[in-house]
Amino acid sequence: MTVSLSGFPELLPAQRTVELAVLDQLRVTFELHGFASVETRSAEPLAELLRKGEIDKEVYVLRRLQAAPDDEPPAPSSSTLGLHYDLTVPFARYVIENAGHLEFPLRRYQIQKVWRGERPQEGRYREFTQADIDVVARDVLPFHHDVEVARVMAEALASLPFLPALRLQVNNRKLIEGFYRGIVAPDVAAVMRTVDKLDKMPAKAVGALLVTEAGLSTEQADKCLQLAAIRSADTSFVSRVWALGVAHPLLDVGLGELSAVIEGCAGLSSRRVAVQADLSIARGLDYYTGTVFETRMAGFEQLGSICSGGRYDSLASDGRSTYPGVGISLGVTRLLMPLFQRGLLVGSRSVPSAVLVALPTEQARAGCDALAQLLRARGIPTEVAATPQKYGKQIRYAERRGIPFVWFPSADGPHEVKDIRTGEQVAADFATWMPPAEDLRPRVLVNPVTVKRDEPPQ
RNA sequence: GUGGGUGUAGCUCAGCUGGUAGAGCGCCGCGUUGUGGUCGCGGAUGCCGCGGGUUCAAGUCCCGUCACUCACCCCA
């Protein structure tokens with residue numbers, strides 16, 4: 001991996017094969033569930049991007065080089081263009097603009113680069129790829145779609161067996177808001193913001209902040225911490241919340257919704273991708289109104305969430321209708337780059353070629369090209385050796401690139417093909433020979449020693 | 001955007017109170033002239049991140065800058 005511009009990561013070919021394998025698999029899973037692909041433009045009017053809140057610092061503004069050659073750059077206005085910093089807000093705009101041509105509920109996936117102007121560090125980039133799924137309806141979105149997006153993303157993550165163990169944490173904003181109102185917190189938003197820091201600082205410190213910043217009594221703060229400590233892989237969290245003795249109608253709604261998501265995902269949960277209720281998840285003060293998701297990766301807890309989302313009931317509205325939605329977004333770059341940097345994930349080869357056709361002499365090139373073309377016609381990625389070096393050098397050429405097979409043409413006798421990993425060399429007919437299916441495409445290899453694949457993340 | 005740490009060969013790193021750059025791995029060649037990997041022998045690694053300053057002399061000290069990284073902010 002080379003990095004020349006801060007926060008704009010670039011991959012080597014072998015790593016790119018891994019990224020492509022991930023993107024291909026995500027697409028397969030999303031499409032298996034009937035999600036349609038949408039791509040939105042990279043740039044949006046600044047006013048559109050800022051609808052979500054005060055995140056103007058994060059947006060990269062677009063300006064033509066010749067726009068104001070002799071002057072200072074113009075102050076950004078609402079007509080200025082900015083690069084999108086996520087896929088949800090542009091999608092909301094897209095839904096409103098194309099509502100007349102879309103079928104609701106609309107189930108779509110969207111895999112694109114996004115840009116944020118934040119200071120880069122491990123797992124935080126200025127240019128990165130997100131893989132989003134959302135379901136949006138007109139006016140009313142049935143709750144079972146909250147369950148659906150969780151299930152689809154859990155299944156997509158489970159289909160990437162080379163990742164460390166993951167924990168999909170689910171909570172519900174109605175649940176915690178109802179709880180905070182039930183204890184008569186003076187500033188519900190402040191409580192939520194403070195509780196959200198639990199993954200960064202010890203519970204005692206958060207408890208102190210709840211008193212000083214959110215205006216709670218020590219008893220109220222203690223209740224909030226007890227709520228946030230509740231985690232369960234089944235619906236047993238409900239009785240543990242009741243045991244805290246707090247009552248509010250909104251709390252009951254939230255408990256019911258969270259139970260539905262956890263029950264709906266029960267069959268999917270595994271040691272590699274665990275789905276849990278986690279009542280510490282709050283998601284700051286975003287546009288989420290119900291279900292919220294975060295995802296942590298074993299051994300990489302300090303990265304924060306690699307896959308987040310939730311329910312948003314009023315993000316998009318055109319005056320006549322509202323378009324409530326629920327979605328979840330996977331940070332593909334945040335997921336993969338740390339694994340690459342630590343050497344935990346690597347592609348089996350740096351080229352697509354499964355076969356290198358050895359070249360005996362330059363005069364034989366036409367024949368070797370024709371032979372390669374026959375293999376390609378049967379779907380076997382094949383290249384011909386660059387120069388007629390000694391066969392040892394040609395084998396080494398293949399080895400360096402991870403090409404598993406070298407084909408030795410023969411003018412008279414049968415051709416031979418060698419698996420250079422085992423050294424086994426056999427006679428082969430170019431009209432029928434096939435490599436094993438797992439060698440047809442580059443594979444993703446893991447370093448099995450250091451990846452915690454079966455222990456759930458903390 | 002604010003503050004801290006780090007930057008030497010392709011990689012991992014060593015380099016003392018300033019004296020003109022090293023190791024291991026990898027790479028290249030030969031042994032093996034159409035079959036790699038093991039082994040043996042030999043060889044090359046380099047704007048010491050970049051720019052400026054102090055000094056007779058800077059990889060080493062100072063300033064700036066860029067990059068990586070950590071914390072904050074925020075989040076995928």
Side-chain angles (χ1 to χ4, degrees), chain A residues 1-10 12 22 26 52-59 84-89 110-133 153 157 166 193 196-197 199-201 281-286 288 292-297 300 302-310 327-338 341-343 356 358-361 364 385 387-411 416-425:
Chain A
M1 180 207 59
T2 60
V3 179
S4 52
L5 253 188
S6 181
F8 292 80
E10 293 179 320
L12 291 170
V22 168
L26 291 173
K52 180 175 163 185
E54 72 306 357
I55 32 57
D56 39 350
K57 282 178 294 188
E58 295 186 10
V59 174
H84 59 210
Y85 65 90
D86 73 2
L87 301 177
T88 307
V89 169
Q110 189 169 347
I111 301 174
Q112 283 182 250
K113 289 270 171 65
V114 304
W115 294 269
R116 293 183 190 176
E118 286 294 327
R119 173 86 78 129
Q121 59 189 61
E122 185 177 46
R124 306 183 50 183
Y125 308 96
R126 290 176 160 175
E127 177 179 69
F128 60 97
T129 301
Q130 285 192 323
D132 248 62
I133 54 172
M153 189 58 83
L157 292 169
L166 298 167
R193 237 180 298 128
D196 201 35
K197 296 178 189 297
D199 59 340
K200 291 278 184 181
M201 52 174 75
I281 301 301
R283 300 250 68 216
L285 23 89
D286 264 330
Y288 297 113
V292 288
F293 303 108
E294 289 196 359
T295 309
R296 306 216 123 69
M297 182 157 67
F300 295 84
Q302 77 290 346
L303 284 181
S305 176
I306 54 103
C307 182
S308 309
I328 185 163
S329 179
L330 173 63
V332 176
T333 311
R334 171 174 284 184
L335 183 71
L336 293 179
M337 285 297 292
Q341 286 180 314
R342 294 169 203 211
L356 174 76
L359 185 65
T361 63
T387 57
Q389 302 176 89
K390 293 195 292 184
Y391 277 0
K393 297 274 180 61
Q394 297 194 33
I395 290 169
R396 192 165 65 188
Y397 173 101
E399 186 184 27
R400 293 285 153 76
R401 289 162 179 74
I403 301 171
F405 294 98
V406 176
W407 190 281
F408 296 104
S410 169
E416 295 192 338
V417 65
K418 179 184 186 108
D419 182 336
I420 65 172
R421 296 160 302 186
T422 62
E424 184 189 12
Q425 183 167 333

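Nothing here was measured: the structure is a model prediction, and the numbers come from that model. Sequence lines set the chain letters: A, B, ... in the order given, protein chains first and strands last, and positions in each chain run from 1.
- Put simply, the side chain of A:S329 never gets that close to the backbone of A:Q130: no donor and acceptor are under 3.5 Å apart.
- Between A:E118 atom CD and B:A71 atom C1' there is a gap of 14 Å when expressed in whole angstrom units.
- A:I306 and A:L330 get closest at one heavy-atom pair: O-CD1, 3.4 Å.
- Comparing B:C50 with B:G7, their P atoms are spaced 13 Å from each other, to the whole Å.
- Across A:M153 and A:A131, no two heavy atoms sit closer than the pair CE-O, 3.8 Å.
- Taking atom CD of residue A:E10 and atom P of nucleotide B:A67, one finds them 13 Å apart after rounding to whole Å.
- Rounded to whole Å, the P atom of B:C39 lies 22 Å from the corresponding atom of B:A44.
- The minimum heavy-atom distance between A:T333 and A:T129, with the atom names listed, is OG1-N, 2.8 Å.
- Between A:Y391 and A:F408, the ring centre distance stays below 6.0 Å.
- Comparing B:C48 with B:G37, their C1' atoms are spaced 35 Å from each other, to the whole Å.
- Residue-nucleotide stacking is not present for A:Y125 and B:A76, judged by a side-chain ring centre under 5.5 Å from the six-membered base ring centre and planes under 30° apart.
- The minimum heavy-atom distance linking A:Y125 with A:P338 is given by the pair OH-CD, 4.1 Å.
- For the C1' atoms, the distance from B:G26 to B:U12 is 11 Å, rounded to whole Å.
- Between A:R334 and A:E122 there is no salt bridge, since none of the side-chain N atoms of the basic residue sits less than 4.0 Å from a carboxylate O of the acidic one.
- The nearest whole Å value for the distance from the CD1 atom in A:I281 to the C1' atom in B:C75 is 13 Å.
- Side-chain contact between A:L87 and A:Q112 is present, with at least one heavy-atom pair separated by less than 4.5 Å.
- Closest approach of A:V22 to A:V332, counting heavy atoms only: CG1-CG1, 4.5 Å.
- Separating the CE atom of A:M201 from the P atom of B:C74 is a distance of 11 Å, rounded to the nearest angstrom.
- Here B:A67 presents its P atom at 15 Å from CD of A:Q341, a figure rounded to the nearest Å.
- Between A:E294 and A:R296, at least one side-chain N (NZ, or NE/NH1/NH2) sits under 4.0 Å from a carboxylate O, which counts as a salt bridge.
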Q) Dot-bracket for RNA chain B, 5' to 3', counting Watson-Crick or G-U wobble pairs under 3.5 Å, with [ ] for crossing pairs and | for inter-strand pairs? A) (((((((..((((.....[..)))).(((((.......))))).....(((((..]....))))))))))))....

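- With C1' as the reference atom, B:C13 and B:G1 are 34 Å apart, rounded to whole Å.
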Q: Report, as a single string ordered 5' to 3', how protein heavy atoms within less than 4.0 Å touch nucleotides 29-36 of chain B: B base, S sugar-phosphate only, - not at all.
A: S---SBBB

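- The distance between atom CZ of A:R124 and atom P of B:C73, rounded to the nearest whole Å, is 10 Å.
- Closest approach of A:D86 to A:T88, counting heavy atoms only: OD1-N, 3.4 Å.
- Side-chain atoms of A:R116 stay outside donor-acceptor range of the base of B:C74, with no qualifying N/O pair under 3.5 Å.
- At a threshold of 4.0 angstrom between heavy atoms, the contacts of A:K197 are confined to the sugar-phosphate backbone, with no base atom among them.
- The nearest whole Å value for the distance from the CZ atom in A:R193 to the C1' atom in B:C73 is 13 Å.
- Here A:K418 does not pair with A:E424 in a salt bridge; the nearest charged N to carboxylate O distance is not below 4.0 Å.
- Between A:G123 and A:Q302, the one whose closest nucleotide on RNA chain B sits nearer the 5' end is A:Q302.
- Taking the C1' atom of each, B:C11 and B:U45 are spaced 13 Å apart, rounded to whole Å.
- With P as the reference atom, B:U55 and B:G5 are 27 Å apart, rounded to whole Å.
- Residues A:I133 and A:I328 have side chains in contact (heavy-atom distance under 4.5 Å, counting atoms from C-beta outward).
- For the pair A:D199 CG and B:C74 P, the interatomic distance rounds to 12 Å; values are reported in whole Å.
- B:C47 and B:U2 have their C1' atoms separated by 33 Å, given to the nearest Å.
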Q: Report, as a single string ordered 5' to 3', how protein heavy atoms within less than 4.0 Å touch nucleotides 3-13 of chain B: B base, S sugar-phosphate only, - not at all.
A: B----------

